[in-house]
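The first residue in the sequence is number 1, and the count goes up from there.
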Amino acid sequence: MTTPFPFTAVVGQDDLRLALLLNAVSPAVGGVLVRGEKGTAKSTAVRALSALLPEVAVVPGCRFSCDPSAPDPSCPDGPHEPGPGTRRPARMVELPVGASEDRLVGALDIERALAEGVKAFEPGLLADAHRGILYVDEVNLLHDHLVDLLLDAAAMGASYVEREGVSVRHAARFLLVGTMNPEEGELRPQLLDRFGLTVEVAASREPDQRVEVVRRRLAYDDDPARFAARWADEEASVRGRIVAARELLPSVRLGDGALRQIAATCAAFEVDGMRADIVMARTATALAAWAGRTDVLAEDVRQAALLALPHRRRRNPFDAPGLDEDKLDQTLEEFGEEDDDPGPDGGGPGGGGGQPSPDAGPQGGDTGARPEAGEDEGAPQASGGGEQSAVRAAEPFRAKVLSVPGIGEGAAGRRSRARTEHGRTTGARRPRGTLTKLHLAATVQAAAPHQRARGRSGPGLVVRRDDLRQATREGREGNLVLFVVDASGSMAARQRMSAVKGAVLSLLLDAYQRRDKVGLVTFRGSAADLALPPTSSVDAAAARLESLPTGGRTPLAAGLLKAHDVLRVERLRDPARRPLVVVVTDGRATGGPEPVALAGRAARLFAADGVACVVVDCESGPVRLGLAGQLAGDLGGTAVTLDELRADSIAGLVKDVQRRAA
């Protein structure tokens, strides 16, 4: 068995370590989501925590880790006879990103159920993680339906499996820890809210600390057992402190004054719902227990707010998590005048959790604010020569759905129709490989005519492998939405470019909600540029769009050819993800020999490949040339104006795309 890196040997990352320890003291806090760049010890710290958790007593032979002193009365392996039980280390179970629903919640043995007439259930990862840690690395890449099941189980403390007429329920209480790199895409806000605490981690910029990180890592790699032995005393000390804090936790008093501060803080930061208040109360209580006190102090409330509120402050998906600490201190001071007497334990700076407060946390409540443009909106339009500074995007709006025609088989998402493992059942087929979703009626229908020939004599059907039928299901997939944005001088009227950026930002918001990958190609001057390679981080696309300068000629053909090349490469990397190309332009083509003809030939490459395309027509003024419509015809797609992008008249747009692509 591999020796884990010691938890106490992790350099820095005070907030991360504190958040994990608070959940070890009180799993009711609700877990922790660790956000940060790659290489910041996220996974190392989580895996190291399991060695600090106290051993658990379990009923011998119980696959669901029932506590012998209070066994689950509805345990599928029960009822259990009272007894002393056995002790084992707390488990840390990892949920792979590509896991199936059956692997997570458990699977019914349908073949035994049909052949023997028994209800046989194979526990999943939720059962394995009961009374331990469930760790999800790259939780932002986990399919939405798995995240929903996971967080529901974490909230209810139980897992329910209902299918094919069989109902199974078992306890599933665990410390939920997820890690993610925001560069690879964000979690939906409602899922962020289900994690009790969130911690932002980053690599230290202090040379001495970085040297110590490297020194310890090299020593661990050379001899893991010897390195772990050097930290054994510190590990034992923290393990004992966790046990003591757990024992003290029921005695901690959360007074009315602290509750008033918690409620006032959540109200001041305008968090949605009441979950934040509850999580803050539990976190503040755990902080007091961790510090060895029985009273919750203002310092505990402050530290709880820094851990529980930043990810709940996001009003817009592109806003960075953050908390204005000056506003926090002001709120705590205003509502702390009538607080309860803190008692003799008192508290100094950082006393709430036994850890120093961060020197500089995320600042700025309005993190989504964008820099103002350097010139007035009414500045004259550039004729094509010089470059202009970036223009501020107009306010985004709710865009209508653009969809890829046909039925795909891409990654789970919320945009286009697709054959998926989850969704409504549309039919049945013979399984190709491992059976994952049994179509019960079709299986029975296939097996029924052969019962006499197979000599059936018992209560169950005689089922053979050839009788099994796989359910075919239809759901939604995420697509690759590739934006091809004209940034030339013909688009550089500041008011118009602001509206264009606002429209693209609106489509990016839609892509975020529908779990798409996005890419950004821009063209101006004499060439096109891949401003953002296809990525799951819609936030990165929004940032690149915001800083996009304009000016120069309009190399439309270069932009289309660059986009075609990007799709060719992505087709090799991710062949199942279908593309949707959104060209944002007024349709003009200038620069080089025969620019209009060359643009038409480049556009017809997309039509030949059957790529779904939409042209957002940005032409303005009383006289319109209709060039964007001609471009849409060459692409085999459809055109829509900026106004139609949010108007009811766009309702038939998807049908137009499908009709032209057919």
Side-chain angles (χ1 to χ4, degrees), residues 399-408 410 413 415-418 477-487 491 500 503-504 506-508 510-511 514 516-523 528 530-532 534 541 554-571 574-575 577-589 596-619 626-642 644-645 650-662:
K400 298 291 182 166
V401 180
L402 306 179
S403 181
V404 178
I407 300 179
R415 183 173 296 278
S416 305
R417 295 172 58 200
E477 68 176 359
N479 299 121
L480 166 59
V481 182
L482 182 61
F483 293 92
V484 185
V485 180
D486 185 349
M491 299 279 289
V500 168
V504 178
S506 302
L507 293 171
L508 283 171
D510 183 68
R514 299 185 188 281
D516 295 316
K517 289 180 71 174
V518 297
L520 178 62
V521 172
T522 64
F523 58 94
L530 180 58
L532 183 71
T554 312
L556 177 58
L560 295 175
L561 290 174
K562 173 66 76 173
H564 188 268
D565 188 56
V566 170
L567 293 185
R568 178 183 59 81
V569 175
E570 283 302 306
R571 196 174 291 117
D574 193 357
R577 189 180 290 269
R578 298 186 295 163
L580 172 64
V581 176
V582 180
V583 184
V584 184
T585 181
D586 56 10
R588 289 182 174 85
V596 176
L598 185 58
R601 288 197 295 271
R604 286 189 285 276
L605 293 175
F606 291 86
D609 291 343
V611 177
C613 299
V614 175
V615 178
V616 179
D617 184 359
C618 302
E619 190 175 24
L627 298 177
Q630 296 176 23
L631 175 62
D634 290 336
L635 288 166
T638 190
V640 57
T641 66
L642 288 174
E644 291 171 338
L645 196 58
I650 198 177
L653 175 61
V654 176
K655 295 181 180 179
D656 291 340
V657 174
Q658 294 173 341
R659 183 170 60 253
R660 296 193 181 204

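In this structure, Val518 and Ala511 approach most closely via the heavy-atom pair CG1-CB, 3.7 Å. Smallest separation of non-hydrogen atoms from Ala607 and Gly636: CB-N, 4.1 Å. Minimum interatomic distance between Ala563 and Val484 (heavy atoms only, all atoms of both residues): CB-CG2, 3.6 Å. Closest non-hydrogen pair, Leu507 versus Ala399, comes out as CD2-CB, 3.8 Å. The minimum heavy-atom distance between Ser416 and Arg578, with the atom names listed, is CB-NH2, 3.5 Å. Ala531 and Thr522 make their closest contact through CB-CG2, 4.2 Å (heavy atoms, listed as atom of the first residue, atom of the second, distance).
Contact check for Leu642 versus Val616: side-chain heavy atoms found under the 4.5 Å cut-off. In this structure the side chain of Asp574 never reaches within 4.5 angstrom of the side chain of Leu480, judged on heavy atoms. The side-chain heavy atoms of Leu561 and Leu605, taken from C-beta on, include a pair separated by under 4.5 Å. In this structure, the side chains of Val481 and Leu402 stay at 4.5 Å or more apart for every pair of heavy atoms. Side-chain atoms of Val581 and Val583, non-hydrogen and from C-beta on, do get closer than 4.5 Å to each other. Using a 4.5 Å heavy-atom threshold, the side chains of Val521 and Phe483 count as separate. Inter-residue side-chain proximity for Pro579 and Leu482 is flagged as unmet; no heavy-atom pair is nearer than 4.5 Å.
Ion pair Asp510/Arg415 flagged as a salt bridge, since at least one NZ, NE, NH1 or NH2 atom sits closer than 4.0 Å to an Asp/Glu carboxylate oxygen. In summary, Asp565 and Lys562 do not engage in a salt bridge, as defined by a charged side-chain N under 4.0 Å from a carboxylate O. A salt bridge links Arg588 with Asp586: the distance from a Lys NZ or Arg NE/NH1/NH2 to an Asp or Glu carboxylate oxygen falls below 4.0 Å.
The distance from the CZ atom of Arg577 to the CZ atom of Arg571 is 14.0 Å, given to the nearest 0.5 Å. For the atom pair Glu619 CD and Thr585 OG1, the distance stands at 9.5 Å (nearest 0.5 Å). Residue Leu560 holds its CG atom at 6.5 Å from CZ of Phe523, rounded to the nearest 0.5 Å. For the atom pair CG (Leu556) and CG (Leu631), the distance works out to 5.5 Å, reported to the nearest 0.5 Å.
Between the side chain of Asp516 and the backbone N or O of Asn479, at least one donor-acceptor pair lies under 3.5 Å.
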